[in-house]
Every structure is written in structure tokens, then in C-alpha cells.
Amino acid sequence: MVITFWALLLSSALVGVGASPVTAPKKPFSLNRRNDGWPYPLDEVDKLEEEAISKYEAYLAKQNTTRGCTLENSAKRLEWHDMTIAQREEYIRAVLCLQSKPPKADTASYPGVLSRYDDFVLTHETQAFHLHSTPHLFPGHRLYIWAYEKALREECGYTGWQPYWNWGRTAADPVNTPLFNGNMSSMGGQGAYVDYKGIAAAAFKPPYDYIPAGGGGGCVTDGPFKNMTVSLGPIGSVLPDGVVPKNPRSDGFGSNPRCLRRDVNKYASQVLFANFTGALIRNSPTIDKFQQDMLGIPEKNDWGVHMAGHYTIGGDPGGDFFSSPGDPLFWFHHGMVDRIWWIWQMQDPENRMNVLPSPPPADDVVDLNWVGVEPSNVWDLNDSIGGYGGKFCYIYV
Ligand SMILES: *[C@@H]1O[C@H](CO)[C@@H](O)[C@H](O)[C@H]1NC(C)=O
Ligand SMILES: *[C@@H]1O[C@H](CO)[C@@H](O)[C@H](O)[C@H]1NC(C)=O
Ligand SMILES: *[C@@H]1O[C@H](CO)[C@@H](O)[C@H](O)[C@H]1NC(C)=O
Ligand SMILES: *[C@@H]1O[C@H](CO)[C@@H](O)[C@H](O)[C@H]1NC(C)=O
Ligand SMILES: *[C@@H]1O[C@H](CO)[C@@H](O)[C@H](O)[C@H]1NC(C)=O
């Protein structure tokens, strides 16, 4: 199938517990992030977050909707590079654990589901169009990441929170950063070399009409996921025919055990420097423009941070529109998407906390079936502080 992340750009173009009474003056909330400048000084996106937090705090103080969640007691999702080696290793152990647990999905109908981790992949594959259609990209993935984090904690004993990937920190040379360098405390490295041209980006003018191959594309041979078994799919592979074994079933849900393949790609990450993300946040007065620009701006030859992040990971299943959560880096990338949506919301909370692209009808529901969390009305997923019936209670630092 030739549906890639570019398809999103084309299709989206068609659519248009009460706070406790305050008794004493409260100390302003501080993100208290690691900001000692090593080795990453605050970038312009971090600064947009820092500058908005007091405005957001004032907004929250006036709401009835936070259901006991406050900035202080919220979970703090960390950037990978700000985590200690021990924290990274604990996270990696939890992911490997989830990949070793039995699935919940019906394996008679979906024999490709080999582990609990695959329940998440299957859900994304079967709901790919629903989860990516406007307006579900943001709220649907917000719930999806939260559910994954919950499974890591409750089913695999992880004590931290889902890390995110600040794209700007790796943009210049992703494969030589602690996220991608193949170290045992990284999320695994580059794939073995495959001879291919790259990924077509038909919506863009030359030379931006394809992303040149990044030097990988084959099996990941180092780091903690070198023995990982990918099974579901491929459904929308971006690698040339013959590289990835075909799934025995035409729908891609058959058992197809194979290695994790990556093409960690510096060309794709050219539009992931912090100034691109900063411009996206600053230049999007409406949620529709914010989503549209995130998905790419052909006139400016800007591939858009959402797709650029997916293709910086690339390979199989990372570059596969349907199966991308099968690469454990998916959650880092969509964590950053969720983070910048939140930072965008905080710039003007009175007008931005309660909007979604399109917008969806009042009765629109996201149901992540095999993932195993309660379905939710999309309109209860717009707030990470108190949304989802109060179960959402996290921020990014
Ligand atoms: C808070 O709740 C009260 C009583 O239910 C209601 O009158 C008020 O409009 C609510 N305020 C906000 C900001 O939702
Ligand atoms: C690789 O990881 C070890 C700990 O597992 C760490 O001490 C070392 O600095 C890391 N090296 C690189 C290049 O990230
Ligand atoms: C991969 O499997 C081999 C063979 O069982 C084993 O020796 C090695 O430690 C494993 N490596 C990782 C990172 O899981
Ligand atoms: C970001 O900075 C780079 C390098 O200075 C520049 O080429 C690019 O146009 C900038 N992007 C935006 C959106 O400002
Ligand atoms: C989310 O959006 C809906 C619809 O506008 C609104 O009713 C709800 O209050 C919003 N949540 C927050 C926290 O603003």
C-alpha cells in the first residue's frame, strides 16, 4: 500500500475536583527543569513553555475542571537527555517487559499479535484512519500515550513517566545522540545499510519531493532492541520491495516475525531544529492552522515536524503510517507532539484549552480497544491537567 505520512497532509487539506480554597499566597509554580546548560541550554520552545507557565497557572486557578490535579502534583514527563542513565535503563527494561508479556487481543483473529506491546500496535493499525483523521490526531494520541505509560507502570513496574524527545536536541546529527547512538542506555541505533533512494514526498517541490535515504534501513544491530521481534505488518512500508518480508495476510495482521529496522535520517531532521517548532507555535493563531502546519507546509518546503519526526526514525515499522508504534521511539516522538500542543494551548489558555481541530461533534468518542483503557469523549481529552475524567494529570518539563 502506498499510504505514507504525506497522505495526512493531503487528506487534512480537505477538512477544513474543584481547586481547594486558597488560604495563603501560593508560591508561583516552577518547572524546575534541568537548566544547568549541560549539554542543552533552554531552546526557544522550552522558553515558550517557561514564559507561559504562570499564565497557565492563573488560568487553572479559575477552573472547576482540574479534578484535584494541580501543576504541583502532576506527573512530570522528562526529556530523554535530562534523565539519568539509571532512569533511562529502568525505562528500557519496562519496554522490554511489555514486549515479553502475553497479549490481550484475540490472537485467533490477529495471529500477528505476539505480545502485550503488540496490542498497542494492532490498535493503531486497525484505527489508523480514525486516529489520524482531523480532529483525533491530538486527543486520540494523547490518550494512546497515556495508556502506554500506564501499562509500563502497572504491568511492568516502571516508576517514572513516559519520556519525550525534544527534536531540536538531536536535529543536527540524530545518530550521534544519546537517544539514537546504539548504546545500551539509548533507544537503539541506526539500521544496517540498505541501498535505496529514500522516501517520496509528493506534495513538495524538488529537491524536497523526497527524503534521501539516511544510510540505514536494515536491521538495528546494537542497543537494547537489537533482538526485538516486530511481527504485525508491514502495511505501508517505505522500504524497497524485498527488504521487509511480506506479511502472510493481506491485511497485515498475520504473524511476520522480523527484526526492527531503522533509517535514522539527518535529512528528515533538518526541519526539527527548535526554530521550526518555535515558529509553528508562534505562527498558528488557530488550532486548525497549528495542526495543518505541523503536518507540513508545501509552499515553504517545510515537511512539518510530525512527519519529519516519523521519518527521522524511518525504517520498519517506524516509517510505516499504520505500524509506526511498533518502533519504541514512536512514543517519544508523539510525546513531543503532545508537548507542543500543550505549549501552544498555554500561550492563550482561555481560548485554546477548549478547542480541537475541525471541531468534532459533541458525541465523538475515542476507543482504544485492545490497549485496555476506558473509551473517552474527545472533548474530555483536551486538557492534560484534569482531562479524561481526572485521570490525566501530567505536564512536560
Ligand atoms: C464552576 O462551578 C460553578 C458551580 O457548579 C459554576 O457556576 C461556574 O460557572 C463554574 N466555573 C467555571 C469556570 O467552570
Ligand atoms: C553509554 O552508556 C554508558 C552507561 O550505560 C555511559 O556511561 C556512556 O557515557 C554512554 N556513552 C555514550 C556515547 O552515550
Ligand atoms: C540478544 O540475543 C543474544 C542471543 O540470545 C544474546 O546473547 C544477547 O545478549 C541479546 N542482546 C540483547 C541486547 O538483548
Ligand atoms: C531555522 O534555522 C535555519 C538555520 O539557521 C534556517 O535555515 C531555517 O530557515 C529556519 N527555519 C525557520 C522556520 O525559521
Ligand atoms: C475541552 O473542550 C470542551 C468543549 O469546548 C469544553 O467543554 C471543556 O471545558 C474543555 N476542557 C477544558 C479543560 O477547557
Side-chain angles (χ1 to χ4, degrees), residues 17-19 43-45 48 56 59-71 74 89 92-93 95-97 99-100 135 138-139 142-143 167-168 171-172 182-189 208 219-229 257 259-260 266-267 269-284 286-287 293-294 296-297 299-305 308 328 340-342 344-346 348-366 376-395:
V17 185
D43 65 28
E44 65 178 87
V45 178
L48 284 170
Y56 185 52
Y59 162 84
L60 288 174
K62 289 183 279 169
Q63 303 307 305
N64 292 343
T65 51
T66 66
R67 291 135 158 165
C69 177
T70 65
L71 288 171
S74 64
E89 288 173 348
I92 289 165
R93 274 198 301 277
V95 175
L96 291 168
C97 158
Q99 293 178 344
S100 73
F138 297 141
R142 177 166 279 180
L143 179 60
W167 306 310
N183 200 323
M184 282 305 285
S185 61
S186 76
M187 290 300 290
Y208 299 96
C219 295
V220 169
T221 55
D222 47 19
F225 299 103
K226 73 175 212 174
N227 292 343
M228 177 182 164
T229 301
C259 66
L260 173 68
K266 197 182 338 201
Y267 302 96
S269 75
Q270 283 179 76
V271 298
L272 293 181
F273 285 99
N275 64 328
F276 283 90
T277 310
L280 168 64
I281 295 168
R282 279 193 308 271
N283 300 341
S284 304
T286 66
I287 186 71
D293 286 7
M294 178 183 289
I297 315 176
E299 312 81 71
K300 294 188 178 166
N301 284 318
D302 177 348
W303 290 324
V305 294
I340 66 172
W341 176 30
W342 175 64
W344 179 86
Q345 290 182 312
M346 283 200 294
D348 182 5
E350 303 286 346
N351 295 306
R352 293 187 179 181
M353 291 308 298
N354 57 358
V355 292
L356 290 173
S358 263
D363 60 355
D364 193 355
V365 166
V366 173
S376 174
N377 185 291
V378 282
W379 285 111
D380 194 23
L381 302 175
N382 42 345
D383 192 356
S384 75
I385 295 278
Y388 194 38
K391 294 191 280 295
F392 282 170
C393 187
Y394 68 87
I395 63 169

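In each ligand, atom 1 is the first atom listed, and ligand 1 is the first ligand listed.
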Report, one line per pair, each donor and acceptor closer than 3.5 Å where one atom sits in a side chain of residues 220-228; sequence neighbours left out.
none

Protein residue, atom and distance nearest to [atom], heavy-atom basis:
| atom | value |
| --- | --- |
| atom 14 (O) of ligand 5 | Y59 OH, 3.4 Å |
| atom 4 (C) of ligand 5 | W379 CE3, 3.2 Å |
| atom 3 (C) of ligand 3 | N227 ND2, 3.5 Å |
| atom 9 (O) of ligand 4 | F276 CZ, 4.4 Å |
| atom 5 (O) of ligand 5 | N354 O, 3.0 Å |
| atom 11 (N) of ligand 5 | N382 ND2, 3.3 Å |

Would a 4.5 Å heavy-atom cut-off, applied to side chains only, mark S269 and W167 as touching? no
Quick one: are Q99 and V95 in side-chain contact, heavy atoms under 4.5 Å? yes
Min N/O separation D383 to ligand 5 under 3.5 Å: no
Should you measure from each heavy atom of M353, which atoms of ligand 5 turn up under 4.0 Å away? 1 (C), 14 (O)
Against heavy atoms of G223, which atoms of ligand 3 measure under 4.0 Å? 13 (C)
Would the number of heavy atoms belonging to other residues, nucleotides or ligands and lying under 6.0 Å from NZ of K266 be above 12? no
Exceeds 12 heavy-atom contacts within 6.0 angstrom, atom OH of Y208: no
Atom pair CG/CG of D293 and D302 - distance to nearest 0.5 Å: 7.5 Å
Rounded distance (nearest 0.5 Å) linking atom CG of N301 with atom CD of E299: 9.0 Å
Among N283, D302, N275, the residue with a heavy atom nearest to atom 12 (C) of ligand 4 is N275
